[in-house]
Amino acid sequence: MTIICPQKKSELKYFLIALFAIVLVGGAFYIIGNSSLVEKSHELEALKKQIISLKTDNADLKNEYYRLTDPARLETAANNSGLTLEKRPQYLTSKQ
């Protein structure tokens with residue numbers, strides 16, 4: 001018996017190897033892309049928590065500032081320092 005086409009099976013073998021290589025490379029790119037996406041998502045959540053913390057700190061600082069610059073408190077501090085409140089102050093002016 002004579003074999004007429006010995007190369008038929010090898011073409012199928014190369015096709016399957018190429019198909020497997022394409023699937024393997026595509027899977028690797030998918031895994032790398034998904035990993036990067038998840039990492040960025042975690043970084044975004046951490047940044048959101050940091051922004052909320054900074055907003056809270058900012059609100060606390062504003063409350064402290066407004067407490068320190070309360071007009072009644074400033075008036076008491078001025079009276080303790082010997083300052084008086086003038087109802088009609090006269091400012092220095094220059095005539096040119």
Side-chain angles (χ1 to χ4, degrees):
M1 186 182 282
T2 308
I3 299 175
I4 298 175
C5 295
Q7 299 295 328
K8 264 190 174 177
K9 290 186 180 180
S10 67
E11 289 176 5
L12 181 62
K13 183 172 84 172
Y14 290 134
F15 173 74
L16 291 176
I17 290 173
L19 183 64
F20 180 72
I22 289 171
V23 168
L24 186 66
V25 170
F29 278 127
Y30 174 76
I31 291 171
I32 291 170
N34 191 27
S35 172
S36 175
L37 182 66
V38 169
E39 181 182 335
K40 295 299 179 187
S41 175
H42 289 304
E43 287 179 14
L44 182 64
E45 290 298 322
L47 288 174
K48 284 181 181 179
K49 288 179 183 177
Q50 187 178 7
I51 287 172
I52 290 171
S53 173
L54 289 173
K55 284 183 178 181
T56 304
D57 292 343
N58 188 28
D60 291 341
L61 287 173
K62 282 183 180 180
N63 286 338
E64 181 69 17
Y65 170 73
Y66 292 138
R67 187 185 63 78
L68 290 174
T69 58
D70 184 36
R73 186 179 174 115
L74 290 177
E75 189 174 325
T76 304
N79 288 337
N80 290 341
S81 299
L83 300 174
T84 59
L85 179 64
E86 292 186 18
K87 298 294 181 184
R88 298 180 127 204
Q90 294 180 358
Y91 299 104
L92 295 175
T93 58
S94 65
K95 296 181 181 179
Q96 292 180 350

Report task. Would you indicate whether the side-chain heavy atoms of E45 and L47 approach each other to under 4.5 Å? Result -> no
Are any side-chain N or O atoms of [X] and backbone N or O atoms of [Y], one a donor and one an acceptor, separated by less than 3.5 Å?
X   : Y   : result
S41 : L37 : no
T56 : I52 : yes
T76 : A72 : yes

Query raised in the report: Who else is in the cluster with F29 when I, L, V, M, F, W and Y are joined by side-chain contacts under 4.5 Å?
Result: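 V25, all in the cluster of F29.
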Report summary line: Joining Ile, Leu, Val, Met, Phe, Trp and Tyr whenever any side-chain heavy atoms lie under 4.5 Å apart, the cluster holding Y66 also takes in Y65
Query raised in the report: Could you state the interatomic distance from CG (L44) to CD (E39), rounded to the nearest 0.5 Å?
Result: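 So the gap between those two atoms works out to 12.5 Å.
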**Report entry** Rounded distance [0.5 Å steps], CG in L19 versus CG in L12
**Finding:**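 The CG atom of L12 is 10.5 Å from CG of L19, to the nearest 0.5 Å.
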Report task. Work out which heavy atom in L74 is nearest to a heavy atom in L68; give both atom names and the distance. Result -> CD2-O, 4.0 Å
Report task. Kindly state each residue pair satisfying salt bridge (charged side-chain N to carboxylate O under 4.0 Å, His left out) with at least one member in residues 50-66, sequence neighbours excluded. Result ->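 Passing the test, one end in residues 50-66: E64-R67.
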